[in-house]
Amino acid sequence: MEKIERRLMEPISELNMATQQFFSRFFHRFSSRLQLLLLHKGLIYVLIGILLGRAVILTEILPFALPFFGAVFLMKKDKAFFAALSLIAGGLTVSIEASLLIMTSIILFLIVNRIISHFFKDKLKNLPFTVFSSMAISRIMFSYMTSTEVTVYDYMMTGVEAGLAFILTLIFLQSIPLISARKYRQSLKIEEIICIMILLASVMTGLVGISYFNLQAEHIMSRYLVLLFAFVGGSSIGCTVGVVTGLILSLANVGNLYQMSLLAFSGLLGGLLKEGQKVGAAIGLLLGSVLISLYGEGSAELMTILIESMIAILLFILTPKAITASLARYIPGTNEHAQEQQQYVRKVRDVTAYRVDQFSQVFKALSESFTTFYEKKEGSDEERETDLFLSNITESTCQNCFKKEKCWVDNFDTTYDYMQRIMKETKENTYQYNLKLKKDFERHCSKSKRVEESIEEEINYFTASQKLKQDVQESRRLVAEQLLGVSEVMADFSKEIRRERENHFVQEEQILDALQNFGIEIIHVDIYSLEQGNVDIEMSIPYCEGHGECEKIIAPMLSDILEESIIVKHEECANYPNGYCHVSFGSSKAFRIDTGVAHAAKGGGLVSGDSFSTMELGAGKYAVAISDGMGNGERAHFESKETIKLLQKILQSGIEEKVAIKTINSILSLRTTDEIFSTLDLAIVDLQDGNCKFIKVGSTPSFVKRGDKILKVQSNNLPIGIIDDFDVDVVGQQLKAGDLLIMMSDGIFEGPKHVENHDVWMKRKISEIKTDDPQEIADLIMEEVIRTRAGKIEDDMTVVVAKMEHNTPKWASIPMSKYYDKKRTG
């Protein structure tokens, strides 16, 4: 039976899907063709023109026609002729006089616009004044033609009509592009929505007088419009649309004055009940219509108003969801608008990430090209360089020799071998001691002295050329490593950009409920990340009067809820009692580091050749570095300080440690030809797991004191800048809470006098220290070294002591589970 049902259901589901796809394609095709007909072909201007040509307010004023024509003439000049014809045709449906007035005003507008354009070039600024003057002149001319006497009242109405035309021109200039453009902007301002509503209300004024069985077309369309905007934009937009539409309709017909209250109240109720979907908004319109009609018109017109409202509701229900959703995307405050904004931001983010990826790939490709070029050059054929060198020698010595053919044709291998050996030994400064080779070459060559002198002269240029090539290759290597490091940083940055905020609605509600049940008032909670060790939460709470509720209560409660230590990262307290405090919470690191430093310059001077730094690198890492410049004084101080500064900048940019060290080495070695070098002692501690990386470049050993044990950390790397290329050895050490890391320059390590084994002496002194305060330890070590020298400071001295400690928050966590258990049992 189940198989039969399944076989019957499958064709039905396929039929439903096919039907839905057919209607979807049909609706899409129909809407695209309708949009093409209305916007591209200009039919919308014809429809609006006919209705605005019919629009009359205060029984005799026609302020809508000429502003509409002027706006179309300025923005869509190719549609101006059809707009003029439609306005004149609309006026004919009212009276011949209205049609003549519209035609006269349009002709005068074209004449005045031509005259003004010769004196003022800014057409946009000229348009309202052109419309004003054309409207005033045409109305006065028409008054003189149609009446025998022109009164003050006629002049006053002319001024009112021209003034309204001036204002409507400004409004139409903003609203027409919004309804005629194929692609709207991301959102509409409230002022732009009001401009559109004034245009639509003006168009609906043209429906005045069109009725069927006492059902007014303008009433139906105005209520439909208010209902649509109330459903899409809420009560504020619905009420605003109702007021604007009702006001303009009441100007067209004073008997419709109550419509302003009806539409405004209906828009308010419809927006408030929009959560009930279309049915709720429709009920709001019915309630508003009934209440206002009973208050204004009594029960006589109640049935007519109800029927008009029901027709408007029917049109509203028949409106496709696609139209309401499309309209909602441009109304600020709606969910569709928020989603559209999020989608726009997501697109911008993706485009940015893609561009960063592209740059990363470019830098990577450049790095690979430099590396490939370098490898090819590094493995180049030395024989070719030797041949080139020997060819220069033979050109100046053997070219004019009478034994040239005998040496280089008959005995080529022997001659080449002699000259190659002479070249090699001359380069190594051993040729003058190789008497046998000299005698053999004198018997072989008739110009042996000349050849030997030429080789000795040329070898200097050859060596300089080789050194230059090596420098160029090292520069290429430096560029390749730096480009690769930049590529990796940009790739990581691209990943960070693509990391979208996750939705944590359930967790936000749980945290909000837990804190409020505990008696803490929370305005809202935003969770950006719940990743272990990288929690990021923001809250807004009422004014706390500086009592520290966030640090003392909320952070400990979050620690228990999330089962990890949470602390206050940033807090902005309100400046007045009714304000709000904004707080950011984050994960606390597992460890923290306290440091102590003691340093002294040679001879008790002020300028030391040693430099040190302790720095936060982000991502939960902490670095301690000591650099010792060669020698003493200002030059050594400058070199060590420059090394530390470069190291800090490069590490904080996110480049990997080994690449950073190599980059600094290359920069310092290429920067100067002086024999000035620097050592570097670097320790990078991960504050989450306690793992420590030691990178020692020409530096002295470091020591880790763990209880009674003393651990030595050392590595064999030459000082920075002494050679162009070197491999950086990284030594790893797992640190624990309570460990003491002691790093020092050679002035401390090699400073004790009459000590043969510095390692043993330093370990013994460190083990004898009873205190665990980092600053006291640094001072004691410095004091011990100076005492061995009878109070003399014979070298720059620096010692840095770092202590690993558990990072325990100031306020312990509050167990929420016990609180809930008590609440349940109680």
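Any value given below was found using the heavy atoms of this structure, including those in side chains, with hydrogens, waters and symmetry copies removed.
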Would you find a donor on one side and an acceptor on the other, under 3.5 Å apart, between the side chain of Ser86 and the backbone of Ala83?
yes
Measure across Ala136 and Thr158 and return the closest heavy-atom pair with its distance rounded to 0.1 Å.
O-CG2, 3.7 Å
Looking at every heavy atom in both Phe109 and Gly70, which two are closest together, and how far apart are they?
CZ-CA, 3.8 Å
Calculate, to the nearest 0.5 Å, the distance between atoms NZ and CZ belonging to Lys123 and Phe73 respectively.
7.0 Å
Say whether, by atom type as modelled, one donor and one acceptor occur between the side chain of Glu161 and the main chain of Leu62 under 3.5 angstrom.
yes
To the nearest 0.5 Å, what is the distance between CD1 on Ile111 and CD1 on Ile116?
12.0 Å
Please report the closest heavy-atom contact between Ala201 and Ile248, naming both atoms and the distance.
CB-CD1, 3.6 Å
Heavy-atom nearest pair, Gly288 first then Phe265, reads CA-CD2, 3.6 Å
Got a sec, which residues hit salt bridge (Lys or Arg N to Asp or Glu O under 4.0 Å) with Asp154, two or more places apart in sequence or on another chain?
none
Approximate separation, where rounding is to 0.5 Å, of Phe68 CZ and Ser202 OG:
11.0 Å
Side-chain (Asn126) to main-chain (Phe120) donor-acceptor, under 3.5 angstrom:
yes
Within the distance-only criterion (no hydrogens, no angle test), does the side chain of Ser99 pair as donor or acceptor with the backbone N or O of Ile88 below 3.5 angstrom?
yes
Looking only at heavy atoms, which two atoms of Ser105 and Leu66 are closest? And how far apart?
O-CD1, 3.7 Å
Identify the heavy atoms of Arg223 and Ser309 that sit nearest to each other, and give their distance.
NH1-OG, 3.1 Å
Any sub-3.5 Å donor-acceptor pair from Thr245's side-chain atoms to Gly242's backbone N or O?
no
Between Glu308 (side chain) and Gln216 (backbone), is there a donor-acceptor pair under 3.5 Å?
yes
Between CD1 on residue Ile102 and CZ on residue Phe69, distance to nearest 0.5 Å
12.0 Å
From CG (Leu287) to CG (Leu273), nearest 0.5 Å:
7.0 Å
